[in-house]
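These notes are about the structure you will find just below.
Atom set for the values below is all heavy atoms of this structure, side chains included, hydrogens, waters and symmetry mates excluded.
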There are 2 protein chains.
Amino acid sequence: MKKITIGEAARRSGVKVPTVRYYESIGLLAAPSRSEGNQRSFEPADISRLTFIRHARELGFEIEAIRTLLTLQDDPHQSCASADAIAKARLVEVEQRIRSLMALKAELETMVEGCGHGRVDQCRVIEVLADHGQCTRPHH
Amino acid sequence: MKKITIGEAARRSGVKVPTVRYYESIGLLAAPSRSEGNQRSFEPADISRLTFIRHARELGFEIEAIRTLLTLQDDPHQSCASADAIAKARLVEVEQRIRSLMALKAELETMVEGCGHGRVDQCRVIEVLADHGQCTRPHH
DNA sequence: CCTACATCCTCTAGCGACTAGAGGTGCAAG
DNA sequence: CTTGCACCTCTAGTCGCTAGAGGATGTAGG
């Protein structure tokens, strides 16, 4: 068994070194064994776990959701309903966020298009911000 | 001149009371005059400013960007180019965020659809998270 | 005038998920 | 043996608020 250093683990999993330590500190990752010189020595399973976490984070799952997903993964005989529910909830969140960002985009476009590149007193950007009634779509 | 209390200002601007104080503390809003009993007394101009801030925050502008936008608004003879640049930068950010969320949505949908509602060892949700190679689209 | 109650005040600490930096140790190559 | 990088722990900072403690003020009713 060759020792995997934290730097190596970071490179393989795509999680940054301080973040690996952070995950250990909050108990998301079990504390690995140490070398004689007190340096962390990871197992291949830790790399998988870190990769799992990174991927879930990229998908926008919160740490607490990931914690739940990881305990599910650790016990493969459990029902998959919780995992499903977590993913579905995240999907709803993402859909809502997209809708809200689309409305935002429309408003920003109006602002930017309306900018005559002159002085501030004729600037549509400032104007729209100052007076919400100017928004073409009432979205918030 | 009738005195506008912080509660009244919050109600009129849609910014919460502690947030109004927070904005004052970071210098986004000038410190208002005080009543005999040391209570804040706002002017109508403060309400406009708070509304401006709230609107800009809803559009996702960062506090520092809003600070710049506000100084622009305070001096209407300046060129509108900075305001324009800030808005455009925000637009680009929003567009990128939308694209990334769309990719995410697609991946979450695959996960949720693939869930057979059985046990974890057959669960696509867990599986996809564990092994990124399973992603249909390589987006990150 | 007194009391009840809402609203106000300041101050500190906490949230999530890291990130940065100080100050020190381990280890491998030349 | 020294150079220099990677590692260690610990604390504090980031952003934009939010929560709570502990106390003062303002207002309406009796």
Per-pair distances, 0.1 Å, donor-acceptor, side chain in residues 89-99 of chain B, under 3.5 Å, sequence neighbours excluded:
unit_1	atom_1	unit_2	atom_2	d
B:R90	NE	B:L59	O	2.8
B:R90	NE	B:G60	O	3.4
B:R90	NH1	B:E93	OE1	2.7
B:R90	NH2	B:L59	O	3.4

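B:V15 places none of its side-chain heavy atoms less than 4.5 Å from the side chain of B:I53. When side chains are defined from C-beta on, B:T5 does not count as touching B:R40, because their heavy atoms never get closer than 4.5 Å.
For the pair B:E8 CD and D:dT27 P, the computed distance is 13 Å after rounding to whole Å. Atom-to-atom, CG of B:L29 to C1' of D:dG16 comes out at 16 Å; the value is rounded to the nearest Å. Counting to the nearest Å, the C1' atom of C:dC18 and the CD atom of A:E62 are 14 Å from each other. Protein atom CD1 of B:I6 is 10 Å distant from nucleotide atom C1' of C:dT7, rounded to whole Å. The interatomic distance linking A:R11 (CZ) with D:dC5 (P) rounds to 15 Å, in whole Å. In this structure, the CD1 atom of A:I66 is 10 Å from the C1' atom of C:dA17, given to the nearest Å. The CZ-P distance, from B:F61 to D:dC17, rounds to 15 Å in whole Å. Atom P of nucleotide C:dC18 and atom CD of A:E58 are separated by 11 Å, given to the nearest angstrom.
Taken from CD in A:Q73 to OG in A:S48, the straight-line distance is 8.0 Å, to the nearest 0.5 Å. For the atom pair A:F61 CZ and A:L69 CG, the distance stands at 6.0 Å (nearest 0.5 Å).
Across residues 13-25 of chain B, B:R21 each have a non-hydrogen atom less than 4.0 Å from an atom of DNA chain C (numbered order).
A donor-acceptor pair under 3.5 Å is absent between the side-chain atoms of B:D75 and the main chain of B:L72, judged by distance alone.
Taking only side-chain nitrogens and oxygens, A:R40 never comes nearer than 4.0 Å to OP1 or OP2 of D:dC7. In terms of phosphate contacts, A:R34 brings a side-chain nitrogen or oxygen within less than 4.0 Å of OP1 or OP2 of D:dT9.
For B:R67, the side chain to side chain donor-acceptor pair (under 3.5 Å) partners two or more places apart in sequence, or in a different chain, are B:E64. For B:R57, there are no salt bridge (Lys or Arg N to Asp or Glu O under 4.0 Å) partners, not counting sequence neighbours. For B:D74, the salt bridge (Lys or Arg N to Asp or Glu O under 4.0 Å) partners at least two apart in sequence or on another chain are B:R49.
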Under 3.5 Å, which N/O atoms of the protein pair with N/O atoms of nucleotides 25-28 of chain C?
none

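Side-chain proximity of A:T5 to D:dC17, C:dA17, D:dC7: nearest is D:dC7.
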